[in-house]
Engineer: 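Let me begin by handing over the structure; questions about it come next.
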Amino acid sequence: KTEGFSGADLAELCQRAAKAAVRDAIAADELKASDDDAMDTNMGNEIGRKHFEEAFGGARRSVAGSDLAKFDQFRKKFDPVYMNSSAGGSGVVINWPDDVG
């Protein structure tokens, strides 16, 4: 999903996910405060998959594909180590705790 995202794009995505988690935590605290007899729903204070999926709703690439191709050509020309490491590599896979399988 993040193919072609710059470092700044990924940072923005993480900030959006963190803000979503904070909003959820605040909403849970307000719910607990308003209903003392309510069941204790421990939503946790963690950033999870749900928050990142929500953040992807507003995610966008800020660098054009043509610019990425230019950067890649530049790197291939001036970094021979990159050429060897980029051949046949696979992306990072995140194993979320709530994934079944």
Side-chain angles (χ1 to χ4, degrees):
K1 282 187 170 183
T2 59
E3 183 71 31
F5 277 42
S6 68
D9 298 336
L10 294 173
E12 180 184 1
L13 179 72
C14 292
Q15 288 173 354
R16 287 177 184 255
K19 289 175 184 178
V22 168
R23 282 192 301 272
D24 283 353
I26 291 171
D29 285 345
E30 288 176 352
L31 184 62
K32 283 182 188 177
S34 67
D35 191 8
D36 292 335
D37 295 332
M39 212 167 65
D40 186 7
T41 56
N42 187 5
M43 295 180 74
N45 294 326
E46 297 177 352
I47 301 173
R49 179 184 201 136
K50 172 187 142 193
H51 302 113
F52 278 97
E53 288 175 353
E54 183 180 328
F56 266 113
R60 61 177 178 76
R61 291 180 4 180
S62 64
V63 181
S66 60
D67 291 333
L68 289 174
K70 289 177 188 176
F71 294 140
D72 196 41
Q73 289 299 319
F74 179 84
R75 189 167 184 189
K76 285 178 183 177
K77 182 176 180 181
F78 292 105
D79 187 3
V81 175
Y82 171 74
M83 209 34 211
N84 294 335
S85 67
S86 66
S90 62
V92 175
V93 175
I94 298 174
N95 294 319
W96 295 97
D98 60 346
D99 277 347
V100 177

Engineer: For the NE2 atom of H51 and the CD atom of E46, what is their distance to the nearest 0.5 Å?
Structural biologist: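 Rounded to the nearest 0.5 Å, the NE2-CD separation comes to 10.0 Å.
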Engineer: To the nearest 0.5 Å, tell me how far D29 CG sits from S34 OG.
Structural biologist: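 Separation between the atoms: 11.0 Å.
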Engineer: Whether the side chain of D24 engages the backbone of A21 through a donor-acceptor N/O pair (distance < 3.5 Å, no angle test) should be reported.
Structural biologist: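 Absent.
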Engineer: Under the salt bridge (charged side-chain N to carboxylate O under 4.0 Å, His left out) rule, collect the residues that match up with R23, sequence neighbours excluded.
Structural biologist: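 Scan of R23 (salt bridge (charged side-chain N to carboxylate O under 4.0 Å, His left out), adjacent residues dropped) gives E54.
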Engineer: Stepwise, does the side-chain contact (heavy atoms from CB on, under 4.5 Å) test hold for S62 with F5?
Structural biologist: CA-CA 7 Å; S62 64; F5 277 42; over 6 Å; no
Engineer: Any idea which heavy atoms bring L13 and T2 closest together, and the distance?
Structural biologist: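 In this case the closest contact between L13 and T2 is CD2-CG2, 4.3 Å.
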Engineer: What are the two closest heavy atoms between S6 and V63, and how far apart are they?
Structural biologist: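 Taking every non-hydrogen atom into account, CB-CG2, 4.0 Å.
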Engineer: Roughly how far, to the nearest 0.5 Å, is NZ of K50 from CD of E53?
Structural biologist: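 These two atoms lie 10.5 Å from each other.
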Engineer: Mind checking the CG-CZ spacing from D72 to R75? Nearest 0.5 Å is all I need.
Structural biologist: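 Those atoms lie 8.0 Å apart.
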Engineer: Return yes when atom CZ of F71 has more than 12 non-hydrogen atoms of other residues, nucleotides or ligands closer than 6.0 Å, and no otherwise.
Structural biologist: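 Counting other residues, nucleotides and ligands, CZ of F71 stays at 12 neighbours or fewer.
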